[in-house]
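Heads up: the structure comes next, in structure tokens.
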Amino acid sequence: MCSAETQAAALAALLSAALGGAETRIEATCDRIRIEADLPGELAAAAHAALLGALAAGARFGHERVSGGAETVWVEIDKDGPRQPDSPRTPRAPRTPRAPRSK
């Protein structure tokens, strides 16, 4: 398995490529690594899909509007390994309601 730093570098490259070569910023703490990038004004459909793919590769991601109206996206990975399959942002399949039981 790759180190968290290697994974972060690959994720930064994916994010940059999805945003047309945008500069990324990497911030590390003892338990996670965050990669951020500023969004351009408009994204083509293919770039939007690539961006969502890059964000989905992390454990957590988000979007922020900063002062002046600029927008930033970020993605985090954990240094202790990949996210667990039932992490809070993993969508669950909707349950089908059961038919009432007859007596």
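For the salt bridge (Lys or Arg N to Asp or Glu O under 4.0 Å) condition, no pair includes a residue of residues 5-15, sequence neighbours left out. Residue pairs meeting the salt bridge (Lys or Arg N to Asp or Glu O under 4.0 Å) criterion with at least one partner in residues 50-59, sequence neighbours excluded, are absent. Sequence neighbours left out, the pairs with a member in residues 68-77 that pass salt bridge (Lys or Arg N to Asp or Glu O under 4.0 Å) are Arg32-Glu76, Arg34-Glu76, Arg60-Glu76, Arg65-Glu71.
For Ala28, the side-chain contact (heavy atoms from CB on, under 4.5 Å) partners at least two apart in sequence or on another chain are Ile33, Lys79.
Counting all heavy atoms, side chain and backbone alike, Ile77 lies closest to Gly58 at CG2-CA, 4.1 Å. Considering every non-hydrogen atom in both Glu64 and Trp74, the closest pair reads OE2-NE1, 3.5 Å. Closest heavy-atom contact between Leu55 and Phe61: O-CD2, 3.4 Å. When every heavy atom of Ala12 is checked against every heavy atom of Ile26, the shortest pair comes out as CB-CD1, 4.0 Å. Pairing each heavy atom of Ala57 with each of Leu11, the nearest pair is CB-CD1, 3.8 Å. Between Ala22 and Ser16, the shortest heavy-atom distance links the atoms O-OG, 2.8 Å.
Open room surrounds NE2 on His48; 12 or fewer heavy atoms of other groups in view lie less than 6.0 Å from it.
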Which pairs would a plain distance check flag for residues 35-42, meaning a side-chain donor or acceptor within less than 3.5 Å of a matching protein atom at least two apart in sequence or in another chain?
residue: Asp38; atom: OD1; partner: Arg25; partner atom: NH2; Å: 3.1
residue: Asp38; atom: OD1; partner: Thr72; partner atom: OG1; Å: 3.1

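Counting only heavy atoms from C-beta outward, the side chains of Asp80 and Asp31 never approach each other to under 4.5 Å.
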